[in-house]
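These notes are about the structure you will find just below.
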2 protein chains.
Amino acid sequence: MFRMSEQGSPPSRPTIRDVAREAGVSVTTVSHALNGKGTASEATRQRVLAVADRLAYRAHPMARGLRQGRTGVLGLDMRPLDAIGSYLPEGVDYFMRFAGAAAVTALDHGLGLMLVPDLTRSDIPQYAHGVDGYVVGDPVRDDPVLTRLIDASVPVVTVGRDPGRPAFTDWVGPDDLYETKRVLDLLRSRGAERIALLAGTDDNAWNVDSEKAYRSWARRHGMPARVLHIPEAAGEDGGADAARRLLKGRQPRPDAIYCQTGRHAAGVLAEAHRLDLSVPGDLLIAAGSDAQQTRHATPAITALDLVPEESGKAAVELLIARLAGDTRPGPIILPAELRTRASTGDA
Amino acid sequence: MFRMSEQGSPPSRPTIRDVAREAGVSVTTVSHALNGKGTASEATRQRVLAVADRLAYRAHPMARGLRQGRTGVLGLDMRPLDAIGSYLPEGVDYFMRFAGAAAVTALDHGLGLMLVPDLTRSDIPQYAHGVDGYVVGDPVRDDPVLTRLIDASVPVVTVGRDPGRPAFTDWVGPDDLYETKRVLDLLRSRGAERIALLAGTDDNAWNVDSEKAYRSWARRHGMPARVLHIPEAAGEDGGADAARRLLKGRQPRPDAIYCQTGRHAAGVLAEAHRLDLSVPGDLLIAAGSDAQQTRHATPAITALDLVPEESGKAAVELLIARLAGDTRPGPIILPAELRTRASTGDA
DNA sequence: CATACAGCACAAAACGTTTTAGAAAAAGGT
DNA sequence: ACCTTTTTCTAAAACGTTTTGTGCTGTATG
């Protein structure tokens, strides 16, 4: 159909010049007609469109990008991908829902989404530098990736704020303080009187703010605060360890444990069973993020669903707005959904 | 540092021209020095490298791509992302492990990986057409995405073969026939005498070949073949439905069920419990793909781990080999790992 | 009848590279 | 001193677009 050379050379894609020749107009006119820019007559425009369609012409993205300084691709840099050897991090569920929504949202705006495992590596792909903007997931305090992007004045939106950058407001995410209190209120209304917090060790807003909210809530309700930090990566084993310490120590036993991660929560539940404690009878359990582990545990574990579909969508949309010059201030706060389940005595 | 304009205009990235000027050579020389192409003297080369480093110069990916006809980005098109509304498909676990490995492998070769939800949509991003090559996940028979890419002579590698394209051998994946028999042999060695197959409805190689292997195996062992098809998307509920039909009908009750998907298997297990059947006492269960659901069920479900990390890596590497002109014939067969668990009476 | 002004189309410049083809300089051979 | 070869470097073309500026119609305005 549109092979250019008369000889038997490989079929190269048609260029704007081919369309111009075929339609009997200049390349300028073709470009204008296709982009609705110039002042072409309706007849000419239609003719060009028809020819372009017939040749299955599509502007070469690199040529277009080179000229107008945009690539049409957004970068997605999320921590979980950094893990060496295993791509099954704690947040697998969260990540997948997030990335899927982000990719589809970008698509809806005619943009691509490129996965960039770790922007701080020295051998990152050429292309990572040519991206129009970045979405960075769950930055840690003074995140180096963020520093790099901001220094290079690349538009960037994060999921959750950087605890070390109060002035940076281009982020989307839940109101961790409010959501934490919601869970604690639920536990209290189900009879809990000594709630322990099992937090992670990553220095991100989620951990920082949740602990802050927990302490302030405990103070206000005259409840003793007890916090344990376990690396996110320790997963269920880490949760089980923590549970053993909390439930078998000489301190008064907590009657509820609020775990930040779903896997920690699953570990706590497993350990409680090993200690012959009934859940929710002797112990209430809740998690700060929903996961396969919380949904499928027995009993199922009450958890905050951070609705990553929403944040993936919102993050990409905020980034696109920034790229378009929109400067309405962030952040964009997204409500989480509290999935009440059997581990707190709910349906 | 490298802001180009003397006025207070926005800091634009340095171009090759800036490096040339600063190093006192031509742009050609800079290009050659940076890409190790020309015949520059060692002294000049070093000087250029030093300047480029000082200016933090990086070739603009679009300009480079435009010139040499390569973008440095691979596309990844996987079915699960097509799901509307929910990005939590059956294969979440599989997908994430696959995509993560693929992204990192691409990175290791200095390439980016772009997520392209659905190539058959008309409004796909500009950029999707500019990608160097594609990895397409689990094609269905005569997959339209594949047709499109092959027609456009875009290099493409699939995960699992297209059942309608025997001549297309550029795929990576397990030997479904062999792996299926392995599972059936295991069930038989654990005492199963009537094994039912619970397959999906997608017309891909995985379903097609597994059923074929099952029927031939059953014939060879003089075992009655019984196959049920349930949509993959029906998930655990679908599995439970199927289990009810298989276990409560008037036909002789199967003493083992082999489910293609992990979620179906989890549904079967749940239903078996509701029917007061003990697993593995009264019923053996195995799954054709490992998932969160099989790992975390009680009892844990024996499953084939398709090791998506391996296939993600292999797919990207095969694609890169093709791009480099390597024509060693495919496919690349990857052994699966059989995770024996309590649902078949194993540890 | 000149002037102005739409309306329409186009040539050429620009984006930042890589590559081609060749020139200048240095070195070697008689 | 001259030719040949090798080494080192460079100007200009090319990649496929978009954008800028300009020219050419013809019709309305004075």
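Throughout, a chain's letter reflects where its sequence line sits, starting with A, and its residues are numbered from 1.
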Return the polar atom pairs (N/O with N/O) between nucleotides 6-10 of chain D and the protein under 3.5 Å, or none.
| unit_1 | atom_1 | unit_2 | atom_2 | d |
| --- | --- | --- | --- | --- |
| D:dC9 | OP1 | B:Thr44 | OG1 | 2.7 |
| D:dC9 | OP2 | B:Ser41 | N | 2.8 |
| D:dC9 | OP2 | B:Ser41 | OG | 3.3 |
| D:dC9 | OP2 | B:Thr44 | OG1 | 3.0 |
| D:dT10 | OP2 | B:Ser26 | N | 2.8 |
| D:dT10 | OP2 | B:Ser26 | OG | 3.2 |
| D:dT10 | OP2 | B:Thr29 | OG1 | 2.9 |

On DNA chain C, reading 5' to 3', which nucleotide is the first and which the last to sit with an atom under 4.0 Å from a heavy atom of chain B, could you check? C:dG16 to C:dT20
Rounded to the nearest angstrom, tell me the gap between atom CE in A:Met62 and atom P in D:dT18. 14 Å
Helical bend (five base pairs per end, nearest 10°) for the helix from C:dC1-D:dG30 to C:dT30-D:dA1: 60°
Find the distance A:Leu34:CG to D:dT18:P and express it as a whole number of Å. 8 Å
Not counting sequence neighbours, which residues clear salt bridge (Lys or Arg N to Asp or Glu O under 4.0 Å) with B:Asp326? List them please. B:Arg328
Got a sec, which residues hit salt bridge (Lys or Arg N to Asp or Glu O under 4.0 Å) with B:Glu310, two or more places apart in sequence or on another chain? none
side-chain N/O A:Lys37 vs D:dT19 OP1/OP2, d < 4.0 Å: yes
Is a donor from one side chain sitting under 3.5 angstrom from an acceptor on the other, for B:Ser153 and A:Arg13? no
Would you kindly say whether B:Thr28 and B:Ser31 are connected by a side-chain donor-acceptor distance under 3.5 Å? no
Residue pair A:Arg165 / A:Arg141, side-chain heavy-atom distance below 4.5 Å: no
Within-4.5 Å side-chain heavy-atom neighbours: A:Val154 and A:Val131: no
Qualifying salt bridge (charged side-chain N to carboxylate O under 4.0 Å, His left out) pairs, either residue in residues 23-38 of chain A, two or more places apart: none
Of B:Arg54, B:Arg47, B:Arg17, which is the lone residue that meets side chain to side chain donor-acceptor pair (under 3.5 Å) with B:Glu22? B:Arg54
Would you say the side chain of A:Phe168 lies within less than 4.5 Å of the side chain of A:Ile150, judging by non-hydrogen atoms? yes
Just so I know, are the side chains of A:Val136 and A:Val157 near enough to count as touching, which here means a heavy-atom distance under 4.5 Å? no
